[in-house]
Amino acid sequence: MTSDPAAGNAESPIEHAFAGGEAQRVGWFRFYFADERWEWSPQVERMHGYEPGTVHPTTELVLSHKHPEDYGQVAATLLEIRRTSGAFSTRHRIIDVAGDVHHVVVVGDQLFDDNGAIVGTHGFYVDVSPSIAQAQEQAVTEVVAEIAEARGAIEQAKGMLMLIYRISADAAFDLLKWRSQETNIKLRVLAEQLVKDFLDLDYTDTLPSRAILDRLLLTAHLRVRPEV
């Protein structure tokens, strides 16, 4: 996805994917290196305890919400991102304005401007807190038909995401659904491609690095062949 830093009011595909009441467990973010400007989706604002549109996140604010035991890890990750401009993923805790603790998985990839220059990082938060998972268990979604049609591939993809990110089955499904919505690729088709990508990796005793797995997740839609 490309994004012009000057076009702060333009709606991105990620923003569009979350418009209209999708699950509050997953939300997008952007971080621009030059001026350390952050943008949060309404879902990420709510994870931190803010009503949408009431906060302008800064690096200081972002770090202030990290659990004290996880602060060092996240601060080091931010420094590494600025230094390498690479993809990343982290699992840590945040504390919202009410003092409640949320367990989150954050995955980010390079953010480019219209000229192809790296200007920051963007990606998503997944709230994997046990209380959130229990509160949001809903059996009926717009993709029930696809689950019934091709449950095997979706369950395989969910299992792989559960292993990689150490998240629940519900959170893994929300993550798959989010990628499907953002990329406008059918959930079944995206799951099949993701499974293929993971199985095609060359490894023996150990899993590939997290960066490789993150990149596969964020780019699987680019390898989907058009349905005929």
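The analysis underlying the following values was restricted to heavy atoms, covering all of them including side chains, and did not include hydrogens, waters or symmetry mates.
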Quick check: are there more than 12 heavy atoms from other residues, nucleotides or ligands sitting under 6.0 Å from [atom1] of [X]?
X: Asp96; atom1: CG; value: yes
X: Lys196; atom1: NZ; value: no
X: Tyr71; atom1: OH; value: no

On the 0 to 90° scale, with breaks at 30° and 60°, tag the His65-His48 ring pair as parallel, tilted or perpendicular.
-> perpendicular

Would a distance-only check, ignoring hydrogens and angles, find a side-chain to backbone donor-acceptor pair under 3.5 Å from [X] to [Y]?
X: Thr121; Y: Gly108; result: no
X: Asp109; Y: Ala87; result: no
X: Arg91; Y: Val104; result: no

Salt bridge or not for Arg188 and Glu192, using N-O below 4.0 Å?
-> yes

Does a salt bridge link Arg82 with Glu80, judged by any charged N lying under 4.0 Å from a carboxylate O?
-> no

ILVMFWY cluster, [X] and [Y] together (side-chain gap under 4.5 Å):
X: Val62; Y: Leu79; result: no
X: Met162; Y: Tyr165; result: no
X: Leu222; Y: Leu217; result: no

Go through the side-chain N and O atoms of Thr58 and Trp38 and say whether any donor and acceptor fall under 3.5 Å apart.
-> no

Examine the side chains of Ser41 and Gln43 and answer whether a donor and an acceptor come within less than 3.5 Å of each other.
-> yes

Criterion side chain to side chain donor-acceptor pair (under 3.5 Å) on Arg223 and Thr219, from CA distance to verdict = CA-CA 7 Å; Arg223 293 179 293 279; Thr219 61; 3.0 Å; yes

Checking side chain to side chain donor-acceptor pair (under 3.5 Å) for the pair His103/Asp127: CA distance, chi angles, key distance, verdict?
-> CA-CA 6 Å; His103 296 251; Asp127 192 330; over 6 Å; no

Search all heavy atoms of Ile118 against all heavy atoms of Ser85 and return the closest pair with its distance.
-> CG2-CB, 3.9 Å

Would you sort out whether Gln73 and Thr90 count as a side chain to side chain donor-acceptor pair (under 3.5 Å), showing the intermediate values?
-> CA-CA 9 Å; Gln73 167 206 339; Thr90 178; 2.4 Å; yes

Please determine which of Lys158, Arg25, Arg179 meets the salt bridge (charged side-chain N to carboxylate O under 4.0 Å, His left out) test together with Asp174.
-> Arg25

Does the ring center of Phe29 lie less than 6.0 Å from the ring center of Tyr125?
-> yes

Are His122 and Phe112 close enough that their ring centres sit under 6.0 Å apart?
-> no

Take Val44 and Phe124 through the side-chain contact (heavy atoms from CB on, under 4.5 Å) test and state the conclusion after the steps.
-> CA-CA 9 Å; Val44 175; Phe124 55 88; over 6 Å; no

